[in-house]
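Data first, discussion second: the structure below is written as C-alpha cells.
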Amino acid sequence: MLDDQALMRALNSTPVVDGRPHDLWRDDHELERWALEHGGIGGDEERRWLRTARDALQAVETGASTESGPHRLRQVLAGVRRVPEPGPAGVAWRLEVPPERRLAVELVLAWADVKERMPGRLRPCGNPECRLFLLDRSRANAARWCSMKTCGNRLKARRHQARTRENQRPEQGRRPDHDERPEQDEQDE
C-alpha cells in the first residue's frame with residue numbers, strides 16, 4: 001500500500017517552474033520510474049490510470065471541479081473490492097483490482113486514509129500561483145504554504161512591499177491635524 005510520502009509526490013507532480021506549470025508525469029519515463037518504485041507493473045494503461053487518479057485527487061483537493069474529480073475517482077474505483085483474509089496476526093485486506101489499475105487505486109486509498117487519519121491537514125499551498133500541496137503535521141494545524149522558504153517568504157515579502165508602497169504615498173486631500181498646523185505668531189492673535 002502507498003504511504004503519505006508517495007501520495008504527496010504524486011499530488012506534487014505538477015509544480016510551477018519559472019511561472020509556468022509543468023507536469024512531471026507527462027514524461028512517460030518519469031511516471032514509469034515512480035510506478036516501478038512503488039510496486040507498479042509499468043505500461044501505458046497503468047500510466048493512464050495513475051494520471052487519471054492524480055488529476056482527480058488534485059481537482060477534489062483544490063475544489064477546482066466539483067463534478068469531474070469525484071466522477072474520475074469513481075471510474076478509478078469501479079469494481080474494486082477489498083477482501084478480508086483472516087490470519088494469526090488478525091485480518092489483512094487484499095485488493096481485488098485489475099493489475100493495471102492497482103497502483104491508481106492504492107493512490108486513491110492512500111488519499112482516503114490521510115483524509116480519515118488527519119482531517120483538514122491535506123490542502124493546497126496558500127500561494128495562488130503555486131500548484132503544490134502540503135500535509136500539515138504541525139500541532140496547531142496552521143501551515144499555509146508548501147514551503148516557507150519559497151512560497152511563504154515570497155508572499156510575505158510581497159505583502160510587506162505593498163504595505164511599504166502604501167505608506168510612502170503622499171496623502172492627497174488630507175487636512176493637517178490640529179497638532180500639525182503651522183504655529184501662528186502671538187502677534188497675529
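All of these numbers come straight from a predicted model, not from anything done at the bench.
By the 4.5 Å heavy-atom criterion applied to side chains, Val60 and Pro70 are counted as neighbours. Contact annotation: the side chain of Asp55 approaches that of Arg72 to within less than 4.5 Å [non-hydrogen atoms, C-beta and beyond]. Put simply, the side chain of Trp93 does not reach to within 4.5 Å of the side chain of Glu85, judged on heavy atoms. Between Cys130 and Val16 there is no side-chain heavy-atom pair separated by less than 4.5 Å. Considering only heavy atoms from C-beta on, Leu50 comes within 4.5 Å of Glu46 through its side chain. Between Pro15 and Leu24 there is a side-chain heavy-atom pair separated by less than 4.5 Å. Residues Asp27 and Arg33 are not in side-chain contact: their nearest non-hydrogen atoms beyond the backbone lie 4.5 Å or more apart.
Within 6.0 Å of the CZ atom in Arg117, the count of heavy atoms belonging to other residues, nucleotides or ligands exceeds 12. Around the NE2 atom of His22, the shell of radius 6.0 Å holds more than 12 heavy atoms that belong to other residues, nucleotides or ligands. Annotation for Arg48: atom CZ counts as buried by contact number, over 12 foreign heavy atoms lying within 6.0 Å. In Arg94, the CZ atom is crowded: over 12 heavy atoms of neighbouring residues, nucleotides or ligands sit closer than 6.0 Å.
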Evaluate Glu96 against Arg102 for salt bridge (Lys or Arg N to Asp or Glu O under 4.0 Å), listing each step before the verdict. CA-CA 8 Å; Glu96 284 187 357; Arg102 183 188 57 77; over 6 Å; no
Please assess Val80 against Arg101 for the test side chain to side chain contact (heavy atoms under 4.5 Å, CB included), listing each intermediate value before the final yes or no. CA-CA 9 Å; Val80 173; Arg101 257 195 309 152; 4.1 Å; yes
Applying side chain to side chain contact (heavy atoms under 4.5 Å, CB included), run through Arg54 and Asp23 and close with a yes or a no. CA-CA 11 Å; Arg54 188 255 340 244; Asp23 185 350; 2.9 Å; yes
Side chain to side chain contact (heavy atoms under 4.5 Å, CB included) evaluation trace for Leu109 with Val105: CA-CA 6 Å; Leu109 293 176; Val105 168; 3.9 Å; yes
Run the numbers on Thr52 and Gln75 for side-chain hydrogen bond (donor to acceptor under 3.5 Å, both in side chains), then give the verdict. CA-CA 9 Å; Thr52 299; Gln75 287 177 329; over 6 Å; no
Apply the test side chain to side chain contact (heavy atoms under 4.5 Å, CB included) to residues Arg9 and Glu37: give CA-CA distance (whole Å), side-chain angles for both, the deciding distance (0.1 Å), then the verdict. CA-CA 12 Å; Arg9 279 187 57 203; Glu37 282 176 14; 3.0 Å; yes
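Between Glu45 and Arg47 there is no salt bridge, since no side-chain N of the basic residue sits under 4.0 Å from a carboxylate O of the acidic one.
Cluster membership for Leu11 and Val108, using ILVMFWY side-chain heavy atoms within less than 4.5 angstrom, is shared. Residue Trp111 is grouped with residue Val97 when hydrophobic side chains (ILVMFWY) are merged at heavy-atom distances under 4.5 angstrom, including chains of intermediate members.
Closest of all the heavy-atom pairs between Met1 and Glu106 is CA-OE1, 3.5 Å. Nearest heavy atom pair, residue Trp49 against residue Glu100, reads CD1-O, 3.8 Å. Taking each heavy atom of Gly42 and Leu36 in turn, the nearest pair found is N-CD2, 4.1 Å. In plain terms, the two heavy atoms of Leu134 and Ala143 that are nearest each other are CD1-CB, 3.8 Å. The two residues Met118 and Asp4 come nearest to each other via the heavy atoms CE-OD2, 3.4 Å.
Distance SG/Cys146 to CZ/Arg131: 13.0 Å, rounded to 0.5 Å. To the nearest 0.5 angstrom, Leu135 atom CG is 5.5 Å from Met8 atom CE. Here Asp136 contributes atom CG and Leu122 contributes atom CG; the two are 10.0 Å apart, rounded to the nearest 0.5 Å. With values rounded to the nearest 0.5 angstrom, His38 atom NE2 is found 6.0 Å from Leu2 atom CG. Note: Ile41 CD1 to Leu103 CG = 9.0 Å, rounded to the nearest 0.5 Å.
Counting only N and O atoms by type, the side chains of Asn141 and Arg123 include a donor and acceptor under 3.5 Å apart.
Under the 6.0 Å distance and 45° angle rule, Arg51 does not count as a cation-pi partner of Trp25.
For the pair Asn12 (side chain) and Phe133 (backbone), a donor-acceptor distance under 3.5 Å is present.
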